[in-house]
Amino acid sequence: MDFDAIVVGGGHAGIEAGLALARLNYSTLFITQSLDTIGRLSCNPAVGGLSKGNIVREVDALGGEMARLIDGSMIQFRILNRSRGPAVQSPRAQADKNLYSKLAKMTLEKQDNLQLFQDTVVDILEDSTGHKCEGVVTERGRIFRSRVVVLTTGTFMEGRIFIGAFNQSSGRLGEPAAVGLGTALRQKGYTLGRLKTGTPARVKKSSLDFSQMEEQPGDELMQPFSFFREKSDRPQLSCHITYTNKKTHDIIRAHMHESPLYGGEIVGTGPRYCPSIEDKVVRFPDRERHQVFVEPEGLDTEEMYLNGISSSLPEIVQEEFLRTLPGLANLEIMRPGYAVEYDYIDPMQLLPSLESKRHEGLFMAGQTNGTSGYEEAAAQGLMAGINAAMKLQGKAPLVLSRAEAYTGVLIDDLVTLGTKEPYRMFTSRAEYRLSLRHDDADQRLFPYAEQLGLATEQMEDLFHKKKNGLEEIKELLRQRRVSGCYLRKHENLIPHEGKNCYMALKDPHVNLSHMDEAVPELENYPPAWLDHVELDVKYEGYVARQERQVARFKKMENILIPEGFDYSAAEGISMESREKMKTIQPRSVGQASRISGVRSSDIAVLTVLLNQGRNRSINNADK
Amino acid sequence: MNHEIYDPDDMIAALATPWAESAIAVIRVSGAGSIEAVDALFSGSVKLAGAEARKLTLGVIRNPETEEALDEVMAVPFKSPVSYTGQDGLELYCHGSLPGLQKILNLLFQSGFRQASPGEFTFRAFVNGKMDLTRAEAVQEIISAKSGKAQSMALSRLSGAVESRINTMKSNALGIAAAFEIQLDYPEDEVETPETPMGELLQIKEGLTELIASYQVGRIYQEGVVVALAGRTNAGKSSLFNLFLKEDRSIVSDIHGTTRDFLESWISLSGIPVRLYDTAGLRKSDDPIEEEGIRRTRQVLKNSHVILYLLDGEAGLSEDDEAVLARADNKRVVVWNKADIASQPCPEGAVPVSAVSGKGFQELEKVLKDKIFHDSSTTQDGPVIDSLRQKNLLERALYGVDKVIEGIHNGLPVDILAMDLSEVLQALGEITGEVSSSDIMEQMFSKFCVGK
């Protein structure tokens, strides 16, 4: 073997997979089409957002890199949805795109055991049985052998971009697609589909009039995504908001026939949650205006990103309708918006470890699996890297459950239900979201990083320091009582006179800032820890309620189905469900129950059968 | 969304004997803690928790909140693993009055028990190794057959009116869920905060309250049903009336009245109290007394829930019969009497019976029962529900709606409200079919223009 592992693709999934393998001491070859485009933010210049920010912090807690990269390159930071409850707030940062990319490449270059190489992979190597992957073949005819391969090809697999009547084989504007790999995988029996996504125009900053737009500054306090970085001190830039109007919509309508989306050239399914401006105008004809966010792409570039107005109309038309927006009358387009269509692998062909069911040793992660978003890609890349390493160690894979991480929800949804549109994480996809807050991702997941060997000593120190700190704060709150002398300053405390501060904090009208006199020590702790404790205390009762559901859920997750379980003999299960279970190969009764169309009676019978097997083996052991 | 699955550990309860009026009925409960839970509702000579297993204890089931005594029962505790399910459990031997049983079951459901799913006791017995392995196949059949039957029963039991009512509430709740979830999925600055849907919530609350109040079985069993025999003279009404009285061994009251206007008697039809009227023949008459009888007959017919309209099979259809049948009446069951000596074939839709020989009577009873349960004429107006399961689920939904409303008043954040609302959707979904998170997203993306 030339290497222990090969990672194909230099995007957000590839970065995490490569680093995880190398950090676990496996010699890893990192192949990418271009070393100049590692860790590109191909679409919006931002990382995080609702539920996505949680994912970034999960990646961090598990020993991944994404949080550190954005911490080192952010140019604006905000916590979103503070007012809407503990489960839904999440951090988002605007990124300096070039800096992000540069940091990513530097991190990979500095990593031991990791060899970077520029080439395009066109096929995978099979062993003589055809059921095992042993390496890759490149466009220039090189053959590299390895024990495991992680494919993270993103939108490049058979990618094609569209701008009006123009279309071209490309992964990103100006960069060639990876041609051949999709076809090779189809020939090997994989089911592939086509998806579509789009991106808006990039425009020159000095051609815009910001006085006609609303300014949208970042939070005063910039906080790091990484649990292992105490402060963030990056420069902050503002974003701006402007709106489309009737004129904009009229122009778009008049040119609708020139859109490849409506002309039938594009066959792939686009995301409903992130429609192009053409889609918005068609689907919501009554809306008088749509919001557009003008976002900087970096500190040392003139390029600005027009978020919310992605389009694949002809370039001339794009310029015409964009100029109708306040502040954009004199705009200069630097890169036009476009749609991109690409191959994805039906993720139901993967195990929950992200290993292919068809080829042992072949892992797939990222947009290749039908997801969209940098964060979703990074989380899969990390899990694929970790599980490829587990494979090399001969250990059981790490499968996170839906009750412990958004990453668990993401992968479970993909391998159990598949996807027909680019899959994006949403808070509402997580049943147990009260227990999946962004600020407690380290409490949930860092123990795994420790077990795996992805935690450094410095990370461990910081983790335990915070853990103890949170306990200290709670203890202080339990000890101190709300006494009469605080009430004059904080009327909200009046109903709680005599109670301890911990109990008083459960009142929706009371918050930690009211405790400044009762517990003056609070100001010695980092604000993020105080927020953490406040949410813990306030929602304790609701979390406890959810915990009962979680306990029930876990019971079903813990009934494992042995590999190679014979469904054809399970006559009590309906034929349709049996076929589905055979294809999906659920690892637990819980997962089986989430397959679409499977009924509760099927699950009851399955449980009975599994129990029967267990009884039988116990009986055999007796003999 | 959460899938309804058999959980082998929580506390379940169900009536083990058929849902019918009887001398004794048995309620079975199972699950860790179930003996203690029943103990809290039971006052007898000894505490059940300390009582000897598999021995009868006499006591009273009492609602601890209202102090109301519901029934005097015999309780038998079973200790794990020596029980049918292998878990701690109890059997309660109660009096077989349906309203009484319903009260006991409701009390159990309020005290932490869940209605057992079809085949669930057997399922537990198997999971806990209480069943011979060779019986595995049989158990599978039982589980799938029972669930299948329960599903088809549940479907056939849901009348169109109820289904459309529940579906309306469900889609309203789905709309509210979408409005909540959009706030969880998109930040404040991208999607404006939708208005608090208090009006819709109150509407759902009202709808649920109404449906729960319409719970028909309870009402039918408590208040009884009025059934009248009608038809021209000599059609055999009196014979059929007598047959009802003779076949039914639980006559509640004696016959009174005169044949000139009507005869009235209480009978019990599979436990449903029925007030049965034998009316005077409907025909034109100059006799003022008979005229008065006919007037009274019309009054009885007007007030009855079901009319058994008898045709004389021997004589065939008269002009009067044809005139009556030509008028649509959804509370009418047409009976083709004297079917054994009929001169012509039984008309379509009529039930052939011989009141003299009793042939066809069982079928008639069945048709009558179906009519009672499915016909809206047994209640004043609006759709009604008729299964305890539906009622329990609607109550669960109502509880969730109340929590959401209360939460809004207390200023709870939307992610907590969404949690309570999802319980409403789940409960309604269990009645008419599952609501998945993709349904909510569908709503979300069609209602709100999103995407930065």
Side-chain angles (χ1 to χ4, degrees), chain A residues 44 49-51 80-81 83-88 92 216 241 271-275 280 283-284 287 290-291 293 307-308 426-429 431 433-434 508-509 539 542 545-546 549 552-553 555-556 571-574 589 593-594 596 598-605 607-609 611-612 615-616, chain B residues 1-10 117-120 123 126-129 133 136-137 139-141 143-144 146-148 150-151 177 180-190 193 410-419 422 436-438 440-442 444-446 448-452:
Chain A
N44 60 327
L50 300 180
S51 76
L80 307 175
N81 272 2
S83 67
R84 287 173 175 173
V88 293
R92 184 180 66 200
Q216 194 189 35
I241 302 174
R272 282 173 303 174
Y273 51 82
C274 186
K280 289 185 188 179
R283 285 175 42 206
F284 296 93
R287 275 188 74 117
H290 296 278
Q291 248 178 336
F293 296 81
N307 211 340
F426 282 108
T427 311
S428 56
R429 295 195 199 265
E431 301 86 338
R433 53 187 171 236
L434 287 187
H509 305 292
Y539 298 100
Y542 299 97
R545 227 173 93 199
Q546 193 161 80
Q549 292 171 20
R552 202 169 154 174
F553 159 83
K555 237 174 327 192
M556 304 310 281
E571 279 178 18
I573 301 177
S574 76
V589 171
S593 74
R594 290 188 292 276
S596 74
V598 167
R599 298 178 311 185
S600 4
S601 62
D602 296 325
I603 294 304
V605 173
T607 317
V608 165
L609 288 172
N611 224 75
Q612 180 184 349
N615 291 350
R616 196 170 276 155
Chain B
M1 279 260 134
N2 293 330
H3 205 80
E4 199 199 348
I5 33 181
Y6 287 8
D7 177 343
D9 289 326
D10 56 359
S117 302
E120 199 165 1
F123 169 69
F126 200 85
V127 168
N128 294 320
L133 289 182
E137 291 296 309
V139 173
Q140 283 174 35
E141 271 165 35
I143 293 173
S144 37
K146 279 201 182 169
S147 325
Q151 267 161 11
F180 282 172
E181 304 277 332
I182 196 90
Q183 301 176 58
L184 309 186
D185 289 341
Y186 287 89
E188 300 100 329
D189 57 354
E190 280 180 51
T193 307
N410 289 336
L412 287 183
V414 66
D415 57 351
I416 303 288
L417 301 177
M419 206 167 112
S422 79
S436 67
S437 56
S438 60
I440 299 178
M441 284 199 185
E442 192 74 47
M444 230 162 72
F445 297 133
S446 62
F448 299 95
C449 181
V450 296
K452 210 173 147 170

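Just so we're on the same page: letters track the sequence lines, and every chain starts at 1.
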Just by distance, do the side chain of A:Thr427 and the backbone of B:Leu184 share a donor-acceptor pair under 3.5 Å?
->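 Confirmed, A:Thr427 side chain pairs with B:Leu184 backbone.
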Just by distance, do the side chain of B:Asp185 and the backbone of A:Ser428 share a donor-acceptor pair under 3.5 Å?
-> yes
Measure [X] against the heavy atoms of chain B and call it side chain, backbone, both or neither at under 4.5 Å.
{"X": "A:Leu80", "answer": "both"}
{"X": "A:Arg287", "answer": "side chain"}
{"X": "A:Ile241", "answer": "neither"}

Any salt bridge between B:Glu190 and A:Arg92, counting N to O under 4.0 Å?
->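 A:Arg92 and B:Glu190: salt-bridged.
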Considering all heavy atoms of both residues, which atom of B:Pro413 and which atom of A:Ser83 are nearest to each other, and what is their separation?
-> CB-O, 4.4 Å
Residue pair B:Asp189 / A:Phe293: nearest heavy atoms and the distance that separates them | O-CZ, 3.6 Å
Starting at CD of B:Glu181, measure out to CZ of A:Arg429 and round the result to the nearest 0.5 Å.
->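 Here the rounded value is 11.5 Å.
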Evaluate the side-chain hydrogen bond (donor to acceptor under 3.5 Å, both in side chains) criterion for residues A:Asn81 and B:Gln183: first the C-alpha distance (whole Å), next the side-chain angles of each, then the deciding distance (0.1 Å), finally the verdict.
-> CA-CA 8 Å; A:Asn81 272 2; B:Gln183 301 176 58; over 6 Å; no
Answer yes or no: is there a side-chain heavy-atom contact under 4.5 Å between B:Asp415 and A:Leu434?
->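 Contact flag for B:Asp415/A:Leu434 side chains = yes.
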Interface residue of largest heavy-atom contact number with chain B, from A:Gln546, A:Arg433, A:His509, under 4.5 Å |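 Heavy-atom pair counts peak at A:Arg433.
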Is it the backbone or the side chain of B:Leu412 that comes under 4.5 Å from a heavy atom of chain A, or both, or neither?
-> side chain
